Asks: 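I'd like to ask you about the structure that follows.
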Amino acid sequence: MTEALNPGQKKAVTSHRGPMAVIAGPGSGKTRVMTHRIADLVSAGVSPGSILAITFTNKAADEMLRRTIALLGPGRGALFPTSGFLGPSSLDLDEGTPVLRTFHSFCARLLRRHLHRIEPYSGRFSIYDTADQQQLIGTILKELKLDRTSFPPRATLSRISHWKNHMTSPEQASEESTTFREKELARIFFRYQELLEERDAADFDDLLILVVRLLREHPDVLERLRARFEYVMIDEFQDTNRPQYLMAKLLAEEHRNLCVTGDPDQSIYSWRGASPDNFLRFREDFPEHIVITLDQNYRSTPQILEVAGRLAGSEFGERKLFTDNPDGAEVRVQQLRDERAEAAQIADHIESWQEEGCAASEIAILYRVNSLSRVFEEEFVRRRILYSVVGGMSFYERKEVKDILAYLRVARSTRDDVALQRIINVPARGIGKVSIERFEDAARDAGRSLGEHLRCLDGHDEIRGKAKKGLAQLRDVIETLSENVGAPLSAQVAVAIEASGYLSHLERSEPESWQERERNLEELVAAATETQEILSSVAARAQNDPEYEEIDPMSLFLERIALVTDAEMRTEEKGQVSLMTLHAAKGLEFDRVIIAGVEESLIPHSRHGEAAGVEEERRLLYVGVTRAREQLLMTHASWRRRFQEREPRIPSSFLVELEGTSIVFERDQALVKSSSTWGQTNWHRSDPGDDEDDGLHPGCWIRHEILGRGVIVRAQGHGASKRISVRFEECGEKQLVVGYAPVTPISPPDEEWEPC
DNA sequence: ATGACCCGCTTTTTT
DNA sequence: AGCGGGTCAT
Ligand SMILES: Nc1ncnc2c1ncn2[C@@H]1O[C@H](COP(=O)(O)OP(=O)(O)OP(=O)(O)O)[C@@H](O)[C@H]1O
């Protein structure tokens, strides 16, 4: 198998030693460089096992491994089996396989082996996901007597995560805090970290931070890893954070073979502590590095790139892209009446594209927030369009699945109190709020975890009667599960469902949906079986490796569930349209892309983080636009249902900036009617020079086709992109873009209508 | 003291 | 819609 490389790519692929940064725009072949470079290293005789390649998602890792094997050809590729996430469990061994993983999965695997060296953790540490974290915060708020309205768990966690991603310790956070609120947050942070340690648990941020600590505090581990991974590569470098960079630096600063690829213009995860400033740090720490820029786009038509370029504007995109690709269809922007009309229109497009012969798997619908997927799903089900939603509410986030997983976690570790709290009275065993509180207090006073305290239940009697019986019952269930830890994974899962009496609980408490939920549990058993099979085959292959060290299967099973989102596990079936957020679309490409809900307050989102601001929103749309190969369509609705209300919507301000490109703007027919200020002409009247009096000044009255009558309170800008704030009689103040909003100046209403 | 039931708030993006 | 927090019947 061979694939073309341009001179820049070739240089990047064949420069094996020394630091290198490949900085290039979308579709310029960065990912292709990564795969070819791995293959080239191996062809040059480098041991595959000495290559560490970090990708942004697990899916990208699998894909890269697959492509590398294909490049090497059947003889060579067979050298390293496709083991994916569950692959060889001990990273220090198995020289035959390159390690292709995300930072998080790489770290988790490393910590399984080495975390016992950091007090007070063990190699069986639990990984806490967002739900676990939130539960922990809930516990802490109760303990510190803070209320959840002033410290919403979500926001609290994001503050804590921000500190952690900047490697700020709770002590430092407390010192730096000036306001009362910040100080309280720092207190929560302190306790949060304390409890994680007590519970032998790591959250996602800890996985990274603990590895940095491990490498700093244990030189022998660092030495071994440096010797093992002689070539380090990182993809999507613009979206790495502090701990990730430190880790890369620690691994590579001696041999200096660090290759990073990325595109600052596609940096969209600053809210997670990521920053393209890592490129600057790289330049300082590896001053002898070479920079390779690629500026030819192989993916998209000139029409799509024109839109991308305009979106980038002068803000970014100094790396101008050019393409030799032939002209394609015009980029279109469609306005629809409401979200249902939008979904119907999109379904129409998909049907006609499929008739043209476009494969469903080459079509993607992208949106800013997951909640938008629902209306599409409903429409697609009705129209029998096959689709698959990437992300959103995943299988492993279902309540029933999380409950059973909690049983498995409790059986594995007496320190995992979040898991125990989750199932202490599920199914109901007569242990109520008050009993739980007493039990927790007693455990804390005794200096024990809940799990330990439950074990020696008979030794104390702060709880009696029904609740005590319930606790004893729970203890016995956990006992049964613990005795089973050696059994095959699927058997362990089955026993958890069985011993807990979960099925009858479901039937009792979920009269509507118990059947579906039961099916989910069956699927969980099946997932365990599958994991077991993969692990057995990995173990079989490693048999002649005397140093092969097996990590317990349940740890790996739970780890995979925590770190590999279910979208990534789902085997991609052909013939399905993909639905996902703009974030999830990063790094992917499709023949035809529809970006839905391109409306103000959605993109740019009304609650974008303050640090990165609207510019990150702009980059996000830029990422979405540049996913398309042949055809791009953006839609926006004039009305959108949110919660129970129907809200009027105005088009994204980013669309206004796209006037004057080859984009075709189309309005919903039902809205066109006869309004004189609304028409094609508006689209081309953005020149501030020929500003005629449009009758739209503060104090003037207007009529909006949908919103009714209102008075202008503010006006900004000129021509079609002029923005006005209008106080409507019916629905309060709204912002409108003159070029989009169907507004007509009217004379002020008669005085007699005014209240006197 | 427990648990069934109702109400109000919430929804940005994710490893 | 889904969860925590409240109320009320057992
Ligand atoms: N030298 C080349 N000749 C022809 N096609 C190429 C070349 N290099 C890359 N491509 C193709 O261009 C497309 C984009 O490449 P790739 O995904 O590697 O880009 P990228 O830089 O990683 O993009 P992004 O930053 O948007 O994720 C792919 O379909 C790839 O096969």
Side-chain angles (χ1 to χ4, degrees), chain A residues 54-61 85 101-108 127-131 133-135 138 141-142 147-149 152-155 157-158 161 165 202-208 236 239-241 243-244 267-274 366-374 390-394 397-399 425-438 463-468 470 508-509 512-513 559-568 580-586 597 601-609 612 616-617 619-621 623-624 642-644:
Chain A
I54 300 290
T55 58
F56 194 71
T57 63
N58 296 288
K59 194 173 159 191
F85 185 89
R101 282 176 183 278
T102 64
F103 269 112
H104 289 89
S105 105
F106 174 69
C107 291
I127 298 175
Y128 275 13
D129 67 13
T130 317
Q133 291 176 289
Q134 289 195 16
Q135 210 187 318
L141 291 182
K142 240 189 285 166
D147 80 300
R148 5 183 7 116
T149 26
R154 262 188 92 86
L157 273 171
S158 101
S161 175
N165 284 321
D203 65 17
F204 290 121
D205 301 325
D206 283 333
L207 294 179
L208 309 170
E236 307 282 11
D239 281 321
T240 52
N241 63 21
Q244 290 170 332
S267 140
I268 53 175
Y269 280 89
S270 71
W271 48 274
R272 223 165 75 178
L366 311 181
Y367 35 77
R368 177 66 232 266
V369 296
N370 280 309
S371 60
L372 287 204
S373 75
R374 259 196 68 176
V390 176
M393 167 68 142
S394 88
E397 278 165 331
R398 304 257 163 80
K399 187 177 160 318
N425 198 34
V426 178
R429 326 183 153 77
I431 311 166
K433 248 192 317 232
V434 178
S435 301
I436 292 176
E437 215 154 283
R438 260 193 220 163
I463 289 173
R464 9 175 122 244
K466 198 161 56 156
K468 178 121 189 181
R508 252 181 296 121
S509 63
E512 299 295 321
S513 61
E559 189 174 306
R560 178 159 117 125
I561 288 167
L563 299 182
V564 185
T565 58
D566 120 277
E568 295 179 310
M580 67 187 93
T581 61
L582 290 160
H583 282 92
K586 179 163 118 125
S601 87
L602 221 38
I603 335 178
H605 198 277
S606 49
R607 301 176 64 166
H608 56 73
E616 182 150 307
E617 299 287 314
R619 292 194 294 270
L620 189 54
L621 187 58
V623 167
R642 198 171 149 249
F643 307 132
Q644 302 299 39

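Residue numbers begin at 1 in each chain, while the letters A, B, ... track the order of the sequences. Bear in mind that the values here come from a model prediction, so they are computed numbers and not experimental data.
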Asks: Which pair of non-hydrogen atoms, one from A:Val369 and one from A:Thr581, has the smallest distance, and what is that distance?
Replies: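 Closest approach of A:Val369 to A:Thr581, heavy atoms only: C-CG2, 4.4 Å.
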
Asks: Between A:Leu366 (CG) and B:dT13 (C1'), how many Å, whole number?
Replies: 13 Å

Asks: Give the nucleotide from the list B:dT14, B:dT15, B:dA1 with an atom nearest to the side chain of A:His583.
Replies: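 Nearest nucleotide to the side chain: B:dT14.
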
Asks: Could you please name the option among B:dA1, B:dT12, B:dT15 that lies closest to any side-chain atom of A:Glu617?
Replies: B:dT12

Asks: Quick check on DNA chain C: between A:Arg374 and A:Lys433, whose nearest nucleotide comes earlier from the 5' end?
Replies: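 In this pair, the answer is A:Arg374.
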
Asks: Which whole-number value in Å describes the distance from A:Phe56 CZ to B:dT15 P?
Replies: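 Between P of B:dT15 and CZ of A:Phe56: 7 Å.
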
Asks: Fit a plane to each ring of A:Phe56 and A:Tyr269, take the angle between them on a 0 to 90° scale, and name the class: parallel (under 30°), tilted (30 to 60°) or perpendicular (over 60°).
Replies: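 The arrangement is tilted - the two ring planes meet at 30° to 60°.
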
Asks: Can you tell me how far P of B:dT13 sits from CE of A:Met580, to the nearest Å?
Replies: 15 Å

Asks: Of the nucleotides B:dA1, B:dT12, B:dT14, which one has an atom closest to the side chain of A:Ser435?
Replies: B:dA1

Asks: From the options B:dT13, C:dG5, B:dA1, select the nucleotide whose nearest atom is closest to the side chain of A:Val434.
Replies: B:dA1

Asks: I'd like to check, for A:Trp271, whether its ring lies over the base of B:dT13 with centroids under 5.5 Å apart and a plane angle smaller than 30°.
Replies: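 Yes; by the centre-distance and plane-angle rule, A:Trp271 counts as stacking on B:dT13.
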
Asks: Output the rounded distance in Å from CZ (A:Arg508) to C1' (B:dG3).
Replies: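 Value for this atom pair: 12 Å.
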
Asks: Measure from CG on A:Leu563 to P on B:dT14 and round the result to the nearest Å.
Replies: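 To the nearest whole Å, that distance equals 16 Å.
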
Asks: Output the rounded distance in Å from CD (A:Gln134) to P (C:dG4).
Replies: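 My rounded result for the distance is 9 Å.
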
Asks: Of all the heavy-atom pairs spanning A:Asn58 and A:Ser105, show the shortest one and how long it is.
Replies: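 Nearest pair, atom of A:Asn58 first, then A:Ser105: OD1-CB, 4.0 Å.
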
Asks: Taking only the side-chain nitrogens and oxygens of A:Asn370, find out if one of them lies under 4.0 Å from OP1 or OP2 of B:dT11.
Replies: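 So the side-chain polar atoms of A:Asn370 never come under 4.0 Å of the phosphate oxygens OP1 or OP2 of B:dT11.
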
Asks: Which is true for A:Tyr269 with a 4.0 Å heavy-atom rule: it touches a base, it touches only sugar-phosphate, or it touches nothing?
Replies: sugar-phosphate

Asks: Please check the phosphate of C:dG5 (OP1 and OP2 only) for any side-chain N or O of A:Arg148 closer than 4.0 Å.
Replies: yes

Asks: Does A:Asp239 pair with A:Lys586 as a salt bridge, N-O distance under 4.0 Å?
Replies: yes

Asks: Please give, in whole Å, the distance from B:dT14 C1' to A:Phe103 CZ?
Replies: 16 Å

Asks: A:Arg368 has a side chain; which of C:dA1, B:dG3, B:dT12 sits nearest to it?
Replies: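 So the side chain of A:Arg368 is nearest to B:dT12.
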
Asks: Less than 5.5 Å between centroids and less than 30° between ring planes, does A:His605 satisfy that with B:dT12?
Replies: yes

Asks: Taking salt bridge (Lys or Arg N to Asp or Glu O under 4.0 Å) as the definition, give me every residue that meets it alongside A:Asp206, ordered by chain and number, with sequence neighbours left out.
Replies: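 Checked A:Asp206 against salt bridge (Lys or Arg N to Asp or Glu O under 4.0 Å); matches are A:Lys164.
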
Asks: Measuring to OP1 and OP2 of B:dT14, would you say a side-chain N or O of A:Thr581 lies under 4.0 angstrom away?
Replies: yes

Asks: So, for A:Glu617 and A:His605, which heavy atoms are closest and what is the spacing to 0.1 Å?
Replies: OE1-N, 2.9 Å

Asks: Would you classify A:Arg438 as touching base, sugar-phosphate or nothing, given that sugar-phosphate means primed atoms plus P, OP1 and OP2, and contacts are heavy atoms under 4.0 Å?
Replies: sugar-phosphate

Asks: What's the gap between B:dT12 and C:dG4 when it is taken at their C1' atoms, as a whole Å value?
Replies: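 Each nucleotide's C1' atom is 22 Å from the other's.
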
Asks: In this structure, how many angstroms lie between the P atom of C:dG4 and the CG atom of A:Leu141, rounded?
Replies: 13 Å

Asks: Please compare A:Asn425 and A:Ala584 by the position of their nearest nucleotide in DNA chain B and report the one closer to 5'.
Replies: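 Result of the comparison: A:Asn425.
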
